[in-house]
Undergrad: 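Questions regarding the structure given below will be posed in turn.
Heavy-atom basis, side chains included; hydrogens, waters and symmetry copies ignored.
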Amino acid sequence: MEQADVTLYARFAAHLDDILTALEAEGLLAPGIDRKPVAVEPPRDPSHGDLATNAAMVLAKKAGTNPRALAELLAPRLEAMDDVVSAEIAGPGFINIRLDRDVWRDELAAIVAEGHAYGRSTLGQGQRVNVEYVSANPTGPMHMGHCRGAVVGDALASLLEHAGYAVTREYYVNDAGAQVDVLARSAYLRYLEALGRQIGEIPEGLYRTVAAMIELIKADLATLGVHHDLFASEREVQESGAVDRAFEILAEKGLVYTGTLPPPKGKPAEDWEPSELLLFRSTAFGDDQDRPIRKLDGSWTYFAADTAYHMQKLEKSDELINVWGADHTGTVKRTQAAVQALAGRPALDVKLVQMVRLLRGGELVKMSKRSGSFVTLAEVVEEVGKDVVRFTMLTRKNDAQMDFDFAKVVEASKDNPVFYVQYAHARISSLKRKAVAEVPDLPAEADLSLLDEEELGLVRLAAQFPRIVDSAALAHEPHRIAFYLGDLAAAFHALWNRGNDDPSRRFLLVHNPLLTRARLELASGIGQILANGLAIMGVAAAEEM
RNA sequence: GCGCCCGUAGCUCAGUUGGACAGAGCACGAGCCUUCUAAGCUUGGGGUCGCAGGUUCGAAUCCUGCCGGGCGCGCCA
């Protein structure tokens with residue numbers, strides 16, 4: 001696996017760490033202070049410089065001094081570093097660092113040299129993460145309700161891979177239980193009829209029906225570019241004896257008992273009767289109620305099988321992530337409780353994706369399962385394209401409600417981030433083609449000293465990409481990539497538009513091959529970041545539009 | 001009744017896990033362009049970050065309590 005070099009920010013953080021160690025050795029700083037909160041970041045306001053650190057503010061209290069005094073100790077040593085032009089104390093104790101311009105020129109060169117590896121990191125250190133997503137019941141083709149989870153899960157998995165985790169993409173097939181059999185059978189037959197196909201011989205039994213449904217689902221997901229490594233079967237989990245094993249473990253920990261649950265709350269329960277059940281003590285981990293393991297008829301509950309399934313995942317992974325629909329809100333705590341009980345630590349994060357409302361020119365598209373008038377995933381992908389669906393699904397936080405308007409998402413305008421980002425990449429691709437074709441004597445090497453302050457500002461934004469990837473991966477929030485790409489595209493377009501008023505600011509200057517070459521390098525670097533970010537999202541980087 | 005999520009500009013939403021005067025797009029105001037560097041550009045106005053306390057050098061961000069929305073709450077999956 002290719003890995004990017006240590007980022008600019010990490011490099012300076014390491015230098016800063018050395019300085020702190022030296023101060024300790026010299027007796028100027030109390031030893032043993034936790035340095036975790038120390039950060040080296042780009043300042044919000046670019047006029048403050050290239051880098052800023054909060055070290056003085058964060059450490060002052062424990063060092064028994066005030067931020068200002070500590071900053072005055074640090075600043076001269078930071079200023080003595082290579083590449084540092086100045087280190088000034090500002091505000092409550094920030095240290096603002098200005099770097100030699102060559103740092104950014106070198107960073108641009110690094111972006112171009114590392115290519116698609118730029119932005120990859122070793123943050124995950126090969127830790128094994130299991131991402132479970134989609135996991136729709138195999139009762140019919142994918143509809144739009146499943147779409148967002150599919151994209152969020154897939155992009156999250158890809159994001160974690162870029163950040164150095166070993167990722168497994170998994171789909172949990174709910175193929176156990178009599179009801180699923182009935183549902184699957186009827187839904188499958190109806191689907192075949194709807195397609196006008198000959199039904200022929202009726203599929204025999206649960207297994208074949210479910211298998212056929214899964215093939216349909218895989219095909220639907222493939223149109224979105226979504227592929228799983230593993231399809232785990234609930235039926236197999238139950239038949240393998242994993243459920244017994246899981247609850248033997250939990251019983252040994254004293255977390256299983258026989259008891260009676262209180263009546264359900266919220267709505268009046270006419271048919272409710274108290275009964276003795278085998279229960280899991282999920283309240284020990286923050287759930288509001290203990291959860292049944294066996295039904296009255298002695299069979300396992302869904303929760304019991306799910307617990308065993310998570311145990312299986314834990315055997316192969318260090319961390320688990322489930323991407324679920326918001327209608328599963330109520331089951332999050334019990335599942336996390338089971339995982340914590342089995343793993344000995346909270347190892348499950350659940351991302352709940354909110355509903356997507358389908359609109360067409362502002363009008364709500366009505367969907368009703370009963371009338372069979374739901375909009376399928378395949379239909380939407382066919383109408384607007386895979387890239388538009390994927391990008392749009394990542395323009396909101398997963399837990400925020402979203403509108404998907406067929407008219408707006410295909411609009412070719414600045415309001416549409418999908419278009420705006422792809423257009424930036426296409427524009428750069430077009431520029432590269434034209435430069436080669438139209439500018440004579442284009443040098444092979446770019447002289448980046450020709451880039452001015454404004455152009456280097458764009459590099460500075462591009463150089464934040466590795467940080468964005470890491471922070472998005474840590475937060476399990478792939479949408480951050482989409483927002484960042486929107487910002488980068490906007491900055492690039494703005495610079496490009498300078499050429500409208502001032503032709504000397506254009507990227508392509510037929511009579512100035514040297515400057516054209518330098519600006520071409522800048523554009524290539526931006527294009528590379530856009531491509532790398534889009535790759536995480538699973539969206540094609542358009543060469544032309 | 002309980003749990004989870006949310007409340008940021010007129011609208012739709014970001015906000016780098018506690019940082020420096022709270023951001024973007026739309027809409028609104030004012031200029032510019034009519035350009036094969038095309039599907040506009042530049043530039044303004046606009047916010048008690050739901051309310052009230054608390055934690056500390058510092059809070060939209062963390063804690064508590066309210067107000068107001070959404071979702072979910074049986075051995076269903």
Undergrad: From OH of A:Tyr302 over to C1' of B:A77, roughly how many Å is that when rounded to an integer?
TA: 6 Å

Undergrad: Determine the interatomic distance between C1' on B:C21 and the same-named atom on B:G29; round to the nearest Å.
TA: 24 Å

Undergrad: Would you classify A:Lys434 as touching base, sugar-phosphate or nothing, given that sugar-phosphate means primed atoms plus P, OP1 and OP2, and contacts are heavy atoms under 4.0 Å?
TA: sugar-phosphate

Undergrad: For the C1' atoms, the ones on B:U43 and on B:A38, what distance do you get once it is rounded to whole angstrom?
TA: 23 Å

Undergrad: When you compare B:G23 with B:G46, how far apart are their P atoms, in angstrom units rounded to a whole number?
TA: 13 Å

Undergrad: A:Phe94 has a side chain; which of B:A14, B:A20, B:C75 sits nearest to it?
TA: B:A20

Undergrad: If we take the C1' atom in both B:A59 and B:U17, what is their distance in whole Å?
TA: 13 Å

Undergrad: Might you point out which heavy atoms bring A:Trp300 and A:Asp244 nearest each other, and give the distance in Å?
TA: CZ2-OD1, 3.5 Å

Undergrad: Categorize A:Arg480 for me: base, sugar-phosphate, or nothing, with a 4.0 angstrom heavy-atom threshold over every strand shown.
TA: sugar-phosphate

Undergrad: Which of the following nucleotides, B:U12, B:U37, B:G15, is nearest to the side chain of A:Arg396?
TA: B:U12

Undergrad: Ignoring the backbone of A:Pro92, work out which of B:A14, B:G19, B:A77 is nearest its side chain.
TA: B:G19

Undergrad: Which value, rounded to the nearest 0.5 Å, describes the distance between A:Leu255 atom CG and A:Ser282 atom OG?
TA: 9.5 Å

Undergrad: Considering every strand and a 4.0 Å limit on heavy-atom distances, what is the contact class for A:Gly91: base, sugar-phosphate, or nothing?
TA: nothing

Undergrad: Which listed nucleotide (B:A39, B:U16, B:A77) is nearest to the side chain of A:Lys295?
TA: B:A77

Undergrad: Whole angstroms only, please: what is the CG-P distance between A:Leu59 and B:G19?
TA: 16 Å

Undergrad: For B:A9 and B:G15, measure between their C1' atoms and round to the nearest Å.
TA: 14 Å

Undergrad: Classify A:Pro292 by what it touches in the nucleic acid, base, sugar-phosphate, or nothing, heavy-atom distance under 4.0 Å.
TA: sugar-phosphate

Undergrad: Assess whether salt bridge (Lys or Arg N to Asp or Glu O under 4.0 Å) is satisfied between A:Glu170 and A:Lys313, documenting all intermediate values.
TA: CA-CA 9 Å; A:Glu170 198 158 323; A:Lys313 290 198 284 187; 5.7 Å; no

Undergrad: What integer number of Å spans the C1' atoms of B:C71 and B:U16?
TA: 29 Å

Undergrad: With the side chain of A:Thr329 defined as its heavy atoms from C-beta on, choose the nearest nucleotide among B:C75, B:G3, B:U37.
TA: B:G3

Undergrad: When rounded to the nearest 0.5 angstrom, what is the spacing between CD in A:Glu544 and OH in A:Tyr423?
TA: 13.0 Å

Undergrad: The side chain of A:Ala494 is closest to which nucleotide in this list: B:C2, B:U42, B:G19?
TA: B:U42

Undergrad: Would you say the base of B:A24 and the side-chain of A:Asp487 have a donor-acceptor pair closer than 3.5 Å?
TA: no

Undergrad: Collect all protein-nucleotide pairs involving nucleotides 65-67 of chain B in which both atoms are nitrogen or oxygen and the distance is under 3.5 Å.
TA:
none

Undergrad: Using OP1 and OP2 only, check whether a side-chain N or O of A:His493 sits under 4.0 Å from B:A38.
TA: no

Undergrad: If only side-chain N and O atoms count, and only distance matters, is there a donor-acceptor pair under 3.5 Å linking A:Tyr118 with A:Glu107?
TA: yes

Undergrad: Parallel, tilted or perpendicular for A:Phe285 and A:Phe280, by the 30°/60° rule?
TA: parallel

Undergrad: Looking for any heavy atom pair under 4.0 Å, which part of the strands does A:Pro37 touch: base, sugar-phosphate only, or nothing?
TA: nothing

Undergrad: Need the pair for B:G1. Rule: Watson-Crick or G-U wobble, both distances under 3.5 Å, any strand; none if unpaired.
TA: B:C73

Undergrad: Is B:G25 paired to anything, Watson-Crick or G-U wobble with both distances less than 3.5 Å, and if yes, which nucleotide?
TA: B:C11

Undergrad: In terms of base orientation, is B:U17 syn or anti, with the syn window spanning 90° either side of 0?
TA: syn

Undergrad: Need one value for A:Arg427: base, sugar-phosphate or nothing, where a base atom within 4.0 Å counts as base even if backbone is also close, heavy atoms only.
TA: sugar-phosphate

Undergrad: For A:Phe303, answer base if it contacts any base atom (sugar-phosphate contacts may also be present), sugar-phosphate if it contacts only those atoms, and nothing otherwise; contact means non-hydrogen atoms under 4.0 Å.
TA: nothing

Undergrad: For the pair made of NE2 in A:His328 and C1' in B:C76, what is the distance, rounded to whole Å?
TA: 11 Å

Undergrad: If you measure from the C1' atom in B:U8 to the same atom in B:C32, how many Å do you get, rounded?
TA: 33 Å

Undergrad: Give the nucleotide from the list B:A39, B:U16, B:U37 with an atom nearest to the side chain of A:Asn500.
TA: B:U37

Undergrad: Strictly below 4.0 Å: does A:Trp496 bring a side-chain N or O up to OP1 or OP2 of B:A38?
TA: yes

Undergrad: Is the shortest distance from a Lys or Arg side-chain nitrogen in A:Arg291 or A:Asp306 to a carboxylate oxygen in the other one below 4.0 Å?
TA: no

Undergrad: Rounded at 0.5 Å granularity, tell me how far CG in A:Asn137 sits from CG in A:Asn174.
TA: 4.5 Å

Undergrad: Using the P atoms only, state how far B:A20 lies from B:A27, rounded to an integer number of Å.
TA: 30 Å

Undergrad: How would you list, by chain and number, every residue that makes a salt bridge (charged side-chain N to carboxylate O under 4.0 Å, His left out) with A:Glu477, sequence neighbours excluded?
TA: A:Arg480

Undergrad: Provide the Watson-Crick or G-U wobble partner of B:G65, both distances under 3.5 Å; none if there is no partner.
TA: B:C51

